[in-house]
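First comes the structure, then the notes that go with it.
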Number of protein chains: 2
Amino acid sequence: MVKITKNKDLEPVTLLCGGPEACTAREFLSKISDKWSILIVVILSKQKDHSARFGELQKMINGISQRMLTTTLRNLERDGLVTREVFPEVPPRVEYQLTNLGLGLIAPMKNLMDWIGMNWNTIKKSREGFDSKRK
Amino acid sequence: MVKITKNKDLEPVTLLCGGPEACTAREFLSKISDKWSILIVVILSKQKDHSARFGELQKMINGISQRMLTTTLRNLERDGLVTREVFPEVPPRVEYQLTNLGLGLIAPMKNLMDWIGMNWNTIKKSREGFDSKRK
DNA sequence: CCGGATCCTGGTCGATACTG
DNA sequence: CAGTATCGACCAGGATCCGG
């Protein structure tokens with residue numbers, strides 16, 4: 001439970017955690033901003049039927065380890081953002097598909113990414129300036 | 001450089017990293033979704049003049065260590081989201097203030113947090129269902 | 001083809017103590 | 001008051017091997 005207080009107000013106001021807003025948001029944000037989650041969601045959203053199989057995803061995402069792809073997909077499945085369907089074939093085939101929930105995430109996420117895209121140069125400039133001042 | 005390929009298309013399409021979209025987004029997202037950054041930005045946005053001093057922030061954020069508050073504020077300053085102003089007084093006083101850039105982040109971030117808020121119950125339900133199936 | 005199990009490394013963050 | 005410095009615990013995530 002994180003409490004915040006107004007400027008000169010001694011009464012602590014539980015705004016951000018407990019009143020379930022920013023704290024859950026932070027929890028979820030930290031989940032999807034891990035190394036691969038958004039990337040997978042975005043990639044799936046661009047696939048036919050918003051679905052792809054394990055091996056395809058691994059080929060599409062250059063650099064992800066098998067373990068991380070597995071665990072990331074598990075987390076997305078756990079959160080209800082993707083579904084996992086196993087086809088009882090030989091060799092086995094597993095399809096991952098974005099749910100409606102997962103699709104709904106695309107829009108607000110895109111807003112944020114657009115903002116980042118628009119301001120990325122500003123941020124980079126700021127970093128350069130900051131770093132150069134620091135010897 | 002992460003490359004993705006269209007479904008049955010062998011030509012790799014460099015959509016996400018290099019075409020500076022999702023990769024920079026991911027980099028920035030991972031920065032602001034660290035343990036405290038968004039919280040600080042949101043809190044500052046609610047302050048008079050969007051500014052507060054070090055000690056105030058520490059009191060408002062229950063649980064943050066002095067070290068993390070310092071380093072988080074440094075990162076925000078480096079990215080140009082907040083400014084840091086030192087007043088040459090005794091005892092010293094340092095004011096942190098949200099920049100226009102930082103303020104601009106509030107809107108898209110709010111969209112995302114609203115989405116999370118609206119869908120949080122669904123996500124929690126999904127997690128419970130998933131976890132209960134797993135013994 | 002898919003992914004669980006195990007080991008190991010580097011980075012993140014809290015605790016504590018010390019300065020201007 | 002507002003930091004910096006140092007230490008250590010913890011854990012995300014890569015490499016590798018194995019199993020269905």
Side-chain angles (χ1 to χ4, degrees), chain A residues 2 5 7-8 23 26-40 44 51-79 82-97 130 133-135, chain B residues 2 5 7-8 23 26-40 44 51-78 82-97 130-131 133-135:
Chain A
V2 175
T5 52
N7 224 348
K8 289 294 179 185
C23 209
R26 238 193 27 76
E27 183 196 339
F28 184 78
L29 277 179
S30 68
K31 267 215 166 302
I32 55 176
S33 76
D34 69 5
K35 205 161 183 186
W36 305 108
S37 295
I38 335 157
L39 198 55
I40 292 176
L44 277 179
S51 77
R53 45 189 300 193
F54 188 89
E56 290 175 336
L57 287 171
Q58 196 172 17
K59 270 170 228 139
M60 287 186 261
I61 307 172
N62 195 305
I64 193 172
S65 67
Q66 201 179 34
R67 192 173 86 85
M68 285 320 293
L69 183 53
T70 303
T71 60
T72 306
L73 286 168
R74 280 294 168 284
N75 281 327
L76 293 175
E77 186 193 1
R78 189 172 105 97
D79 287 352
V82 306
T83 55
R84 175 177 183 267
E85 188 174 7
V86 184
F87 295 87
E89 306 172 358
V90 210
R93 182 170 118 244
V94 183
E95 291 272 356
Y96 292 91
Q97 181 173 220
F130 186 87
K133 264 180 231 154
R134 303 244 142 193
K135 203 172 32 326
Chain B
V2 175
T5 52
N7 227 348
K8 290 294 176 183
C23 208
R26 238 195 26 77
E27 183 197 339
F28 184 77
L29 276 179
S30 70
K31 266 215 166 303
I32 55 176
S33 77
D34 68 4
K35 206 162 181 182
W36 306 107
S37 295
I38 335 156
L39 198 56
I40 292 177
L44 278 178
S51 77
R53 43 191 301 191
F54 188 89
E56 289 175 337
L57 287 172
Q58 196 171 17
K59 270 170 229 138
M60 286 186 262
I61 307 172
N62 194 305
I64 193 172
S65 68
Q66 200 177 36
R67 192 173 85 85
M68 285 320 295
L69 183 53
T70 302
T71 60
T72 306
L73 286 168
R74 280 293 171 287
N75 282 328
L76 293 175
E77 186 192 1
R78 190 173 103 97
V82 306
T83 55
R84 176 176 181 270
E85 188 175 7
V86 184
F87 294 87
E89 307 171 358
V90 210
R93 182 171 118 242
V94 182
E95 291 273 356
Y96 292 91
Q97 181 174 219
F130 185 88
D131 293 343
K133 264 181 230 153
R134 303 246 142 190
K135 205 172 30 333

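A note on names: the letters A, B, ... follow the listed sequences, proteins ahead of strands, and every chain is numbered from 1.
- Contact annotation: A:Y96 reaches the phosphate of C:dG3 (side-chain N/O to OP1 or OP2, under 4.0 Å).
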- request: Determine, step by step, whether B:E85 and B:R93 satisfy the side-chain contact (heavy atoms from CB on, under 4.5 Å) criterion, reporting the C-alpha distance in whole Å, the side-chain angles of both residues, the deciding distance to 0.1 Å, and the verdict.
  value: CA-CA 8 Å; B:E85 188 175 7; B:R93 182 171 118 242; over 6 Å; no

statement: Counting primed atoms, P, OP1 and OP2 as sugar-phosphate and everything else as base, the B/S/- map of nucleotides 13-20 of chain D against protein heavy atoms under 4.0 Å is BBB----B

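- Between B:I32 and B:I38, the shortest heavy-atom distance links the atoms O-CG1, 2.8 Å.
- When B:N75, B:T72, B:I40, B:L44 are each tested for a side chain to side chain contact (heavy atoms under 4.5 Å, CB included) with B:V82, only one passes: B:L44.
- Residue contacts shown for A:F87 are absent, as no nucleic acid heavy atom lies under 4.0 Å away.
- Distance CD1 (B:I40) to C1' (C:dC13): 14 Å, rounded to an integer number of Å.
- Rounded to an integer number of Å, the gap from CD of A:E56 to C1' of C:dG3 is 17 Å.
- Every residue meeting the side chain to side chain donor-acceptor pair (under 3.5 Å) condition with A:D34, not counting sequence neighbours, appears here in chain and number order: A:S37.
- Spacing between atom CZ of B:R93 and atom C1' of D:dG3 amounts to 17 Å, rounded to whole angstrom units.
- Computed from coordinates, the B:L57 CG to D:dC1 P distance equals 14 Å when rounded to whole Å.
- Rounded to whole angstrom, the span from the NZ atom of B:K31 across to the C1' atom of C:dT12 amounts to 12 Å.
- Comparing D:dC1, C:dG3, D:dA2 by their closest approach to the side chain of B:P91 singles out D:dC1.
- Protein atom CZ of B:R74 is 9 Å distant from nucleotide atom C1' of D:dA2, rounded to whole Å.
- Between B:R84 and the phosphate of D:dG3, there is a side-chain N or O to OP1/OP2 separation shorter than 4.0 Å.
- The minimum heavy-atom distance linking B:V94 with B:R84 is given by the pair CG1-CG, 3.8 Å.
- In this structure, the CG atom of A:L69 is 11 Å from the P atom of C:dG4, given to the nearest Å.
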- prompt: Could you go step by step and tell me if A:D79 and B:F130 meet the side-chain contact (heavy atoms from CB on, under 4.5 Å) rule?
  reply: CA-CA 8 Å; A:D79 287 352; B:F130 185 88; over 6 Å; no

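- When all heavy atoms are compared, the tightest approach of B:P92 to B:R53 is O-NH2, 3.6 Å.
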